[in-house]
Amino acid sequence: MEKIEVMISELELDKRIQEIASQIKKDFEGEEVVFCSVLKGAIFFTVDLMKKYDGICELDCVRVSSYEGENSTGNITLKIPLKKEHVEGKNLILVEDIVDTGRTFDYLVKYVKELNPKAVKTCVLLDKKARRVVPFEADYVGFSIDDLFVVGYGLDYNEKYRNLPYIGYVKN
Ligand code: IMP
Ligand code: MG
């Protein structure tokens, strides 16, 4: 059984997510947006972000996978695609739990652009800059974190710990 230490508390998450929701609202004043959650990890973040977003918005989901255990396989596969009619002409905000190597976002941004959105923005709760393989900067970043394997608030370790209400790290 792994030991989990708290890295970012529920209260800190709540405060930062409110700031991001307000920033997105300002950036898209007078426009509608679609929050596109990258399943499964970003579900918790997307739900809380949308509840704090004081504007007209829609929800969509896309699913990709690249990870097994603690290691990225480097191979991104699209498990649940988006429908072109749900993206075309819309302001799409891709919402992810974490950017690590950058491969997932690199893949997703290219994929989504082919569906002719009006605009694409990227929003990520956690950014592990030290691990980048593909250069990538998200438009909205919750927290920059050190190179530790984190779990909770949607993030898993072999599918476990997604239900923790905070971000924790696996203590070795
Ligand atoms: P990237 O393609 O390497 O940027 O990886 C992004 C995906 O890897 C995320 O959506 C997560 O599902 C997973 N991931 C990366 N780092 C962690 C971590 O520390 N804990 C849990 N999942 C992670
Ligand atoms: Mg993910």
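For the numbers below, each heavy atom of this structure counts, side chains included, while hydrogens, waters and symmetry mates do not. What you see is a predicted model; the values in this text were computed from it and never measured. One-based numbering, in listed order, for ligands and for the atoms of each.
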Revision key, fill the gap. Of I76, T104, V151, the residue with the heavy atom nearest atom 7 (C) of ligand 1 is T104
Exercise for review: Show your reasoning for whether side-chain hydrogen bond (donor to acceptor under 3.5 Å, both in side chains) applies to Y169 and D146.
Suggested key: CA-CA 10 Å; Y169 63 96; D146 292 338; over 6 Å; no
Close approach, [X] and ligand 1, non-hydrogen under 4.0 angstrom:
X	result
R132	no
L148	yes
D156	yes

Exercise for review: Output yes when the distance from some N or O of ligand 1 to some N or O of V150 is under 3.5 Å, and no in every other case.
Suggested key: yes
Practice item. Give yes if a backbone or side-chain nitrogen or oxygen of G102 is under 3.5 Å from a nitrogen or oxygen of ligand 1, and no if not. Key: yes
Going by the atom numbers of ligand 1, which of them fall below 4.0 Å from some non-hydrogen atom of [X]?
X	answer
L155	21 (C), 22 (N)
E96	9 (C), 10 (O)
R103	2 (O), 4 (O)

Check your understanding: Going only through I, L, V, M, F, W and Y residues with side-chain contacts under 4.5 Å, is there a path from L59 to I43?
Key -> yes
Practice item. Select one of side chain, backbone, both or neither to describe which atoms of R131 lie under 4.0 Å from any atom of ligand 1, heavy atoms only. Key: neither
Review point. Does the side chain of L125 reach to within under 4.5 Å of the side chain of L155, using non-hydrogen atoms?
Key: no
So, are [X] and [Y] salt-bridged, with charged N and O less than 4.0 Å apart?
X	Y	answer
E12	K15	no
D14	K52	yes
E58	K90	yes

Check your understanding: Measuring from D54:CG to I24:CD1, what's the distance to the nearest 0.5 Å?
Key -> 13.0 Å
